[in-house]
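A quick note: this is a predicted structure, and the numbers were derived from the prediction, not measured.
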Amino acid sequence: MKSAFFIAPALIFSAVHASDATASMYASTISSHNIMQIQHSALSNAFNAFESNRTTPAPAKKQAKPSPDRYGTMSMYGEYGDDGSVFQGRNGGESPALRGTWANWQHTSDDVHFNDYAVVDTDTDIITLGLAGGKKRTSHGTTEWGLFGGYFNGDQTTSDTTIDQQGGFAGVYSGYAQNNFRVVAGISGGVMDNGVEFASGEDSFVNMWVGAGVRSTYDIPLDSTFTLRPGLQIEYTWINSPSYTSESGMDIEPDNFSAFNIVPSFRAIKHIANGWYGSANVKYVATITQEDALFVDSVAFPALEIDNYTEYGITLEKSIAGFDFAATLARRDGGRSGWLGQFNIKYAF
């Protein structure tokens with residue numbers, strides 16, 4: 001009886017230690033997959049800013065003939081009208097150096113289904129701010145550049161551990177449009193601080209990443225108020241995964257993580273009336289990871305992977321004078337299952 005009294009706590013301690021060891025092993029990989037989502041959101045929001053919240057092209061405003069007493073006014077120097085149309089001017093239609101600013105708040109609540117591991121409950125908030133540079137019109141189309149940066153905060157939870165995460169990112173993009181075709185590319189990077197809490201202690205480590213992406217879309221107007229917009233976005237992200245000694249005493253040596261996202265998308269866009277726009281959106285996110293192994297005390301373990309997922313939702317937008325407001329609600333199913341909500345505001349100078 002006395003021996004059983006000592007054996008039971010020993011077994012409990014052994015089980016807790018094993019659980020903590022597993023949590024320590026995979027914390028870095030779990031964080032890397034969340035960075036992929038943050039990078040995808042950051043680039044997508046910047047690319048959306050280039051495509052504009054005005055989901056269907058406004059009718060072109062008729063250009064009035066300039067009179068001598070109007071020399072040097074807006075209509076002669078390529079400024080933008082309130083409805084987004086361009087007045088062709090002596091400079092070929094260039095806008096001011098900065099054309100506008102935008103802000104986006106996004107919240108995601110996902111269950112991430114890792115192969116051969118637990119389901120991870122993920123909640124993340126991302127705030128992104130951006131500046132849209134001036135458009136330049138040429139005989140071949142329109143170009144535009146922009147800057148963006150943001151802050152994120154969230155946690156990822158399993159039955160064994162909680163990973164608290166916060167950090168920031170910054171990037172730049174440039175886009176080109178001709179008639180109904182658009183292509184935009186961007187680069188961004190960031191830093192994530194991770195605090196891993198489990199039964200016997202806490203680990204901490206820092207991830208840094210850099211990545212790039214490109215998106216192309218093509219508008220297919222069915223009439224003056226209804227447009228279909230197929231698109232394809234491709235991203236590559238490289239994440240530095242540091243080695244560290246965990247609170248459980250293990251030497252954790254993850255491979256640096258890198259991955260491609262291949263994201264075909266489709267939007268059906270409707271101009272409702274009086275500056276109101278609505279759209280139905282769907283995209284498929286295929287992730288190809290390149291993390292060969294995770295080394296724990298010099299022993300190799302297979303890296304965690306997740307399946308692809310589908311995201312589908314609706315967006316409602318309103319244009320008021322120089323402002324565009326947009327709210328989106330979306331559902332995810334597959335390797336990630338859960339909900340996404342976001343609100344976007346854009347102001348044209």
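The nearest pair of heavy atoms linking Gly195 to Glu202 is CA-OE2, 4.2 Å. The two residues Ala268 and Phe226 have their closest heavy-atom pair at CB-CZ, 4.1 Å. Counting all heavy atoms, side chain and backbone alike, Leu329 lies closest to Trp339 at CD1-CE3, 4.2 Å. Of all heavy-atom pairs spanning Val184 and Tyr173, the tightest one is CG2-CD1, 3.9 Å. Considering every non-hydrogen atom in both Tyr176 and Phe50, the closest pair reads N-CZ, 3.4 Å. The shortest heavy-atom contact between Ser31 and Gln156 is CA-NE2, 3.9 Å.
A donor-acceptor contact under 3.5 angstrom links the side chains of Gln166 and Tyr151, judged on distance only. Side-chain atoms of Gln106 and Asp125 include no donor-acceptor pair closer than 3.5 Å. Under the 3.5 Å distance criterion, with hydrogens and angles disregarded, a donor-acceptor pair is assigned to the side chains of Ser337 and His113. With no hydrogens or angles considered, no side-chain donor-acceptor pair links Tyr277 and Asp324 at under 3.5 Å. A donor-acceptor contact under 3.5 angstrom links the side chains of Asp123 and Ser109, judged on distance only. Remark: the Gln178 side chain and the His140 side chain contain no N/O donor-acceptor pair separated by less than 3.5 Å. With no hydrogens or angles considered, no side-chain donor-acceptor pair links Asp333 and Tyr309 at under 3.5 Å. At a cut-off of 3.5 Å, with distance as the only test, no side-chain donor of Thr310 or Lys283 sits close to an acceptor on the other residue.
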Distance-only donor-acceptor hits, side chain of residues 205-216, under 3.5 Å, sequence neighbours excluded:
{"residue": "Asn207", "atom": "OD1", "partner": "Asn194", "partner atom": "ND2", "Å": "3.0"}
{"residue": "Asn207", "atom": "ND2", "partner": "Asn240", "partner atom": "O", "Å": "3.0"}
{"residue": "Trp209", "atom": "NE1", "partner": "Gln39", "partner atom": "OE1", "Å": "3.0"}
{"residue": "Arg215", "atom": "NE", "partner": "Gln233", "partner atom": "OE1", "Å": "2.8"}
{"residue": "Arg215", "atom": "NH1", "partner": "Asn48", "partner atom": "OD1", "Å": "2.9"}
{"residue": "Arg215", "atom": "NH1", "partner": "Glu51", "partner atom": "OE1", "Å": "3.4"}
{"residue": "Arg215", "atom": "NH1", "partner": "Glu51", "partner atom": "OE2", "Å": "3.4"}
{"residue": "Arg215", "atom": "NH2", "partner": "Asn48", "partner atom": "OD1", "Å": "3.3"}
{"residue": "Arg215", "atom": "NH2", "partner": "Gln233", "partner atom": "OE1", "Å": "3.0"}

Distance-only donor-acceptor pairs under 3.5 Å for side chains of residues 143-150, two or more places apart:
{"residue": "Glu144", "atom": "OE1", "partner": "Arg99", "partner atom": "NH2", "Å": "3.0"}
{"residue": "Glu144", "atom": "OE2", "partner": "Arg99", "partner atom": "NH2", "Å": "3.3"}

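In this structure, the side chain of Lys318 engages the main chain of Asn274 through a donor-acceptor pair within 3.5 Å. At least one donor-acceptor pair under 3.5 Å links the side chain of Thr161 to the backbone N or O of Glu197. In terms of modelled atom types and a separation under 3.5 Å, the side chain of Ser279 and the main chain of Asn281 share no donor-acceptor contact. Listed for the Asn308 side chain is a donor-acceptor partner under 3.5 Å among the backbone atoms of Thr287. Proximity of a side-chain donor or acceptor of Asn256 to a complementary backbone N or O of Ser241 within less than 3.5 Å is detected. At least one donor-acceptor pair under 3.5 Å links the side chain of Lys346 to the backbone N or O of Ala49.
Between Phe114 and Tyr117, the ring-plane angle classifies as perpendicular under the 30° and 60° cut-offs. Note on ring orientation: taking the six-membered ring where Trp is involved, the planes of Phe257 and His33 are perpendicular (angle over 60°, cut-offs 30° and 60°).
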request  = Could you give me the CA-CA distance, side-chain angles and deciding distance for Asn153 and Thr124, then say whether side chain to side chain contact (heavy atoms under 4.5 Å, CB included) is met?
outcome  = CA-CA 6 Å; Asn153 183 67; Thr124 305; over 6 Å; no
message = Using salt bridge (Lys or Arg N to Asp or Glu O under 4.0 Å), reason through Asp307 and Arg336 one step at a time and then give a plain yes or no.
response = CA-CA 8 Å; Asp307 292 331; Arg336 289 181 178 270; over 6 Å; no
key: Stepwise side chain to side chain contact (heavy atoms under 4.5 Å, CB included) test for Ser188 and Leu43   = CA-CA 8 Å; Ser188 65; Leu43 287 174; 4.0 Å; yes
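The cluster map of Ile, Leu, Val, Met, Phe, Trp and Tyr, joined by side-chain heavy atoms under 4.5 Å apart, puts Ile126 and Trp102 in the same cluster.
Counting heavy-atom neighbours within 6.0 Å of Ile314 CD1, excluding the residue itself, gives a total of 12 or less. Few gaps surround CG on Asp223; more than 12 heavy atoms of other groups in view lie less than 6.0 Å from it.
For the pair Ile35/Gln165, no side-chain contact is recorded, criterion being any heavy-atom separation below 4.5 Å from C-beta on. Met192 places a side-chain heavy atom less than 4.5 Å from the side chain of Phe152.
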